Amino acid sequence: MQRAVWYTSAMQPTIERYGSGHINETYRMTCPDGPQYIFQKINTSIFPDPDALMENITRVTKHIRTKHPDDPRCTLTVLDYSRPWRQYVFIEGARTYDLIERPDQAYKVARAFARFQNDLADLPGPRLHEILPHFHDTRARLAQLDAALEADVKGRAKDVADELAFVDARRAEAGRILDLMANGDIPERITHNDTKINNVMLDDTTGEGVAVIDLDTTMPGCALYDFGDMVRTSTAAAAEDERDLSKVFSRKEYFEQLVRGYLSEAKFLNRTELENLAFSGRLITFTIGVRFLTDYLAGDVYFHTACADHNLVRCRTQFKMVKSMEDQAADYEAIVRAVREGR
Ligand code: GN1
Ligand code: MG
């Protein structure tokens, strides 16, 4: 068991803000004698029960370690936790990407997340805490949007007529996965729930997935939402906050590699899950666009923002991504079919 290390003022470590997460505050500490640590302040206005969250992370990381006993980098190592701060070992020789540059990276990302789901499929003991209930519940997210629109606390509703029309045209599809879960066609699994591309570390040399990180939302969920968020972020040709929408679209060759990488490991999926893989990309991208729009209307109270219209810009990129996936839906479905049939 590694232990937390503290330094005297005579040997000052350097501390810098780290990463591009929208929720927690993250710092990297580099110590004069070499080791590096991640310090993170859990955002308790979003995660009201950090103790339960850390209990989940401890169980999950311990279990993953039992699956890869010879690989010290296979998951996060919690060194210390004192609410709301925690300390992790910094995973060396690997990095995250906000945007990927080659389709083979999509393959590796998807395989890493599939392995994560696979590793946790037999986690013993009680059900994990449901850290954020209804996290990917698109109907609940639409209800939050409607409430924020009604309240219109910043007088921003006038700016978003096009985005609201975009949402209204897609409300009918919002409950598809929820209904399939409710009637038992899609099972509950242990899922990550925030599988954006920058939540997996790729090895600096081999490019292989090393570890899945940001485990705050690991809880009971739906495998399709994890796959959907990979499609949202790994196929995107531009950043989540790109203002020039002509640069924003979903890249088919990346989608293909994502499907190939995911299905190479995710052997547990049932037929209904497989049939909804392409749809899940559109749905989760839509849902996250709705969340950005809601936060814009609510006055930027949830996601970290760097400028007044940041959430609106993010919403627009998400909706452009949805449109791009809709335009390519037949191709995306054909890719899933081909990979399922071993072509
Ligand atoms: C947040 O913390 P970060 O940046 O990895 C958010 C996700 C969103 C994502 C959008 C707990 O993730 O749900 O998809 O931003 N996490 C939480 O980029 O709400
Ligand atoms: Mg993150």
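The figures here come from the full heavy-atom set of this structure, side chains too, leaving out hydrogens, waters and symmetry mates. Owing to the predicted nature of the structure, the values given are computational and were not obtained by experimental measurement.
The CD atom of Glu130 sits 13.0 Å away from atom CG of Asp49, with the distance rounded to the nearest 0.5 Å. The distance from the CZ atom of Arg86 to the CD1 atom of Ile38 is 10.5 Å, given to the nearest 0.5 Å. Leu142 CG to Leu145 CG: the interatomic distance, rounded to the nearest 0.5 Å, is 6.5 Å. Within the model, atoms CG of Leu269 and CG of Leu224 stand 7.5 Å from one another, a figure rounded to the nearest 0.5 Å. The CD atom of Glu275 sits 10.5 Å away from atom CZ of Arg337, with the distance rounded to the nearest 0.5 Å.
In this structure the side chain of Tyr81 reaches within 4.5 angstrom of the side chain of Asp51, judged on heavy atoms. Taking 4.5 Å as the limit, every side-chain heavy atom of Asn193 sits out of range of all side-chain heavy atoms of Thr218. For the pair Arg232 and Met321, the minimum side-chain heavy-atom distance is 4.5 Å or more. The shortest distance between side-chain heavy atoms of Pro103 and Tyr254 falls below 4.5 Å. Looking at Leu245 and Arg316, their side chains come closer than 4.5 Å, going by heavy atoms from C-beta outward. You'll find the side chain of Gln318 stays beyond 4.5 Å of the side chain of Phe286, heavy atoms only. No side-chain heavy atom of Leu202 sits under 4.5 Å from any side-chain heavy atom of Thr96. The shortest distance between side-chain heavy atoms of Cys222 and Met181 falls below 4.5 Å.
In Glu341, the CD atom is crowded: over 12 heavy atoms of neighbouring residues, nucleotides or ligands sit closer than 6.0 Å. In the displayed structure, Arg17 atom CZ is contacted under 6.0 Å by more than 12 heavy atoms of other residues, nucleotides or ligands. Annotation for Lys154: atom NZ does not count as buried by contact number, only 12 or fewer foreign heavy atoms lying within 6.0 Å.
Glu92 and Gln36 share a side-chain donor-acceptor pair at under 3.5 Å. Looking only at atom types and distance, the side chain of Thr26 has a donor-acceptor partner in the side chain of Gln40 under 3.5 Å away. The closest side-chain donor-acceptor pair between Asp229 and His192, if any, does not fall under 3.5 angstrom. Side-chain atoms of Thr61 and Thr75 form no donor-acceptor pair, as typed in the model, at a separation below 3.5 Å. Side-chain contact annotation: Tyr302 with Asn311, donor-acceptor N/O pair under 3.5 Å absent. Looking only at atom types and distance, the side chain of Arg115 has no donor-acceptor partner in the side chain of Asn118 under 3.5 Å away. With no hydrogens or angles considered, a side-chain donor-acceptor pair links Asn198 and Asp98 at under 3.5 Å. Side-chain contact check for Glu240 and His310: no donor-acceptor pair (N or O, by modelled atom type) lies under 3.5 Å. In the model, Ser250 has a side-chain atom that pairs as donor or acceptor with a side-chain atom of Thr235 under 3.5 Å. Residues Asp80 and Tyr88 have side chains that never bring a donor and an acceptor to within less than 3.5 angstrom of each other. At a cut-off of 3.5 Å, with distance as the only test, a side-chain donor of His68 or Asp119 sits close to an acceptor on the other residue. Side-chain contact, Arg189 with Gln117: no donor N or O sits under 3.5 Å from an acceptor N or O. Arg83 and Thr44 share no side-chain donor-acceptor pair at under 3.5 Å.
Nearest heavy-atom pair across Val212 and Ala112 is CG2-O, 3.8 Å.
The aromatic rings of Phe166 and Phe319 sit parallel to each other, their planes meeting at less than 30°, with 60° as the upper class boundary. In this structure, Trp85 and Tyr27 have tilted ring planes: the angle between them lies in the 30° to 60° band. Relative ring orientation between Phe292 and Phe303 is described as tilted, the plane-to-plane angle lying within the 30° to 60° band.
Under a 4.0 Å N-O distance rule, the pair Asp137/Arg139 does not qualify as a salt bridge. Between Arg243 and Asp309 a salt bridge is recorded (basic side-chain N to carboxylate O distance below 4.0 Å). With respect to the salt-bridge test (charged N to carboxylate O, under 4.0 angstrom), the residues Arg170 and Glu173 do not qualify. At a threshold of 4.0 Å, the pair Glu256-Arg260 counts as salt-bridged, since one of the basic side-chain nitrogens sits closer than that to a carboxylate oxygen. Look at Arg141 and Asp146 and you find no salt bridge, because none of the NZ, NE, NH1 or NH2 atoms lies under 4.0 Å from a carboxylate O. One finds no salt bridge joining Glu326 and Arg282 here, because no Lys/Arg side-chain nitrogen approaches an Asp/Glu carboxylate oxygen to under 4.0 Å.
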side-chain contact (heavy atoms from CB on, under 4.5 Å) assessment of His22 paired with Lys196: CA-CA 12 Å; His22 296 336; Lys196 60 198 260 197; 3.7 Å; yes
side-chain contact (heavy atoms from CB on, under 4.5 Å) between Phe47 and Asn24, intermediate numbers included: CA-CA 10 Å; Phe47 296 112; Asn24 297 319; 4.0 Å; yes
Test log, rule salt bridge (Lys or Arg N to Asp or Glu O under 4.0 Å), inputs Arg251 and Glu253: CA-CA 6 Å; Arg251 298 172 292 188; Glu253 42 324 342; 5.7 Å; no
Criterion salt bridge (Lys or Arg N to Asp or Glu O under 4.0 Å) on Arg127 and Glu188, from CA distance to verdict: CA-CA 11 Å; Arg127 190 169 180 260; Glu188 177 180 288; 2.9 Å; yes
Full working for side-chain contact (heavy atoms from CB on, under 4.5 Å) between Lys108 and Gln105: CA-CA 5 Å; Lys108 288 165 177 156; Gln105 292 174 307; 5.6 Å; no
Steps toward salt bridge (Lys or Arg N to Asp or Glu O under 4.0 Å) verdict (Asp203, Arg95): CA-CA 7 Å; Asp203 186 272; Arg95 52 168 291 199; over 6 Å; no
Derivation and outcome, side-chain contact (heavy atoms from CB on, under 4.5 Å), residues Arg171 and Val167: CA-CA 6 Å; Arg171 282 184 190 255; Val167 170; 4.1 Å; yes
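Grouping the Ile, Leu, Val, Met, Phe, Trp and Tyr side chains by contacts below 4.5 angstrom, directly or via other members, places Met325 with Val109. When the side chains of ILVMFWY residues are joined at heavy-atom separations under 4.5 Å, either directly or via intervening members, Leu149 and Val153 end up in two distinct hydrophobic clusters. If you chain together hydrophobic residues whose side chains sit under 4.5 Å apart, Ile284 and Ile197 fall into the same group. Taken together through direct or relayed side-chain contacts under 4.5 Å among Ile, Leu, Val, Met, Phe, Trp and Tyr, Leu293 and Ile23 form parts of separate hydrophobic clusters.
Cation-pi check for Arg111 over Tyr107 is not met; the charged atom does not lie both under 6.0 angstrom from the ring centroid and within 45 degrees of its normal. For the pair Arg156 and Tyr296, the cation-pi criterion (under 6.0 Å, within 45° of the ring axis) is fulfilled.
Side-chain atoms of Lys67 never come within 3.5 Å of backbone atoms of His63 as a donor-acceptor pair (strictly under, hydrogens ignored).
With Asn199 as reference, Asp194 is the one residue of Asp216, Asp194, Thr217 to meet the side chain to side chain donor-acceptor pair (under 3.5 Å) rule. Residue Leu76 forms a side-chain contact (heavy atoms from CB on, under 4.5 Å) with just one option from Ile213, Val60, Ile64, Val89, and that option is Ile213.
In this structure, Phe90 has its ring center closer than 6.0 angstrom to the ring center of Tyr18.
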